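As the structure lists them, so they are numbered: ligands from 1, and atoms in each ligand from 1. The model shown is predicted, which means the values in this text are computed figures rather than measured ones.
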Amino acid sequence: MRRALTVPMLGMLVSILAAGNALSAQGEIKLPRPALQGKMSVEQAITGRKSSRDFKAAPLSLGEVGQLLWAANGMIPADAVTGATRKVMPSAGGLYPLEVFILTGNNTVENVPAGVYQYNPNAHSLKEVATGDKRTLLAHAALGQMWLARAPAVVVIGAVFARTTAKYGNRGVNYVFMEAGNSDQNLCLQAEALGLRTGTVGAFNDAQVAGAIQMPGDTAPLLVIGVGK
Ligand SMILES: Cc1cc2nc3c(=O)[nH]c(=O)nc-3n(C[C@H](O)[C@H](O)[C@H](O)COP(=O)(O)O)c2cc1C
């Protein structure tokens, strides 16, 4: 007997197909709650941090990726009663121009399909921007720094300049660059504290990076960071 596929059956099919990755039907991946305490002192993290351009093939866990993105652009619970939050770093005028993206390959981040994702700080989740492994495209956009294509995850710190320049004019441009540095350093120190390696890259063609990761039109790429073990 032939039976039509009902909505619940379709839902079940989607769940079965999605098993093994954390991507919801809406293209969202919920990240594990970030730890607010770690095993390494900030002094040890500062002392240990150095650039790496060589990574093991070992995948990163979803928890590691969540912790890194939280450090780069996340929210801190500020008031348990009201549920108020604040950001992990200072921002001129509290305008928070940064947007952070992550590129993954096939099985390079556990439970995350190869693709490009935008970090949502409020939901502490990833939103799918593009599917497929874009790391090689990005490495070419970074003037052929092919080691980036071998990093299990590549983070791109971008910014919507207008959020800050609407208030501060041209001076706001400086502020946005400074804030990208804050974000990069937070990420690098967090990686160090997790026993991960990072390599920060500023040499790239802006338009090619934006194209490679299908960055929203109002956002400009500022820094690229290869991450791995
Ligand atoms: C804004 C900026 C841009 C950088 N661009 C690149 C880059 O394109 N390629 C690269 O291999 N390293 C790049 N680096 C990393 C530096 O080469 C590195 O930080 C420097 O040599 C000091 O080494 P350390 O990070 O191990 O302390 C960049 C660093 C910064 C802060």
Can you confirm, on distance only, whether ligand 1 has an N/O atom lying under 3.5 Å from any N/O atom belonging to [X]?
X      : result
Lys50  : no
Ala203 : yes
Gly202 : yes
Trp147 : no
Thr200 : yes

Are any of the side-chain nitrogens in Glu179 or Lys87 under 4.0 Å away from the carboxylate oxygens of its partner?
no
Provide, to 0.1 Å, the distance between [atom] and the closest protein heavy atom, together with that atom's residue and name.
atom                    : value
atom 27 (O) of ligand 1 : Arg49 NH2, 2.8 Å
atom 25 (O) of ligand 1 : Ser51 OG, 2.5 Å
atom 1 (C) of ligand 1  : Leu223 CD2, 3.9 Å
atom 17 (O) of ligand 1 : Arg53 NH2, 3.3 Å

Should Val65 and Tyr119 count as side-chain neighbours, where that means a heavy-atom distance under 4.5 Å?
no
Looking at the rings of Phe161 and Phe177, which for Trp means the six-membered one, are their centres under 6.0 Å apart?
yes
With heavy atoms of Gln145 as the reference, note each atom of ligand 1 found under 4.0 Å away.
7 (C), 8 (O), 9 (N), 10 (C), 11 (O)
Check against side chain to side chain contact (heavy atoms under 4.5 Å, CB included), Leu126 and Leu69
CA-CA 10 Å; Leu126 297 177; Leu69 295 172; 3.5 Å; yes
Return yes when at least one protein heavy atom is under 4.0 Å from atom 6 (C) of ligand 1, and no when none is.
yes
Is atom 10 (C) of ligand 1 in close reach of the protein, with a heavy atom under 4.0 Å away?
yes
Check the side chains of Glu99 and Thr219 for a donor-acceptor pair under 3.5 angstrom, ignoring hydrogens and angles.
no
Same hydrophobic cluster for Leu68 and Ile157, using side-chain heavy-atom links shorter than 4.5 Å among ILVMFWY?
yes
Side-chain heavy atoms under 4.5 angstrom apart, residues restricted to Ile, Leu, Val, Met, Phe, Trp, Tyr: same cluster for Leu95 and Leu98?
no
Side chain, backbone, both or neither: which part of Phe177 comes within less than 4.0 Å of ligand 1 when only heavy atoms are counted?
neither
Show your working on side chain to side chain contact (heavy atoms under 4.5 Å, CB included) between Trp70 and Gln190 and close with a plain yes or no.
CA-CA 9 Å; Trp70 170 79; Gln190 176 67 82; 3.8 Å; yes
Min heavy-atom dist Phe204 to ligand 1 below 4.0 Å
no
Given the options Ile102, Thr104, Leu196, Leu60 meets side-chain contact (heavy atoms from CB on, under 4.5 Å) only with Leu196
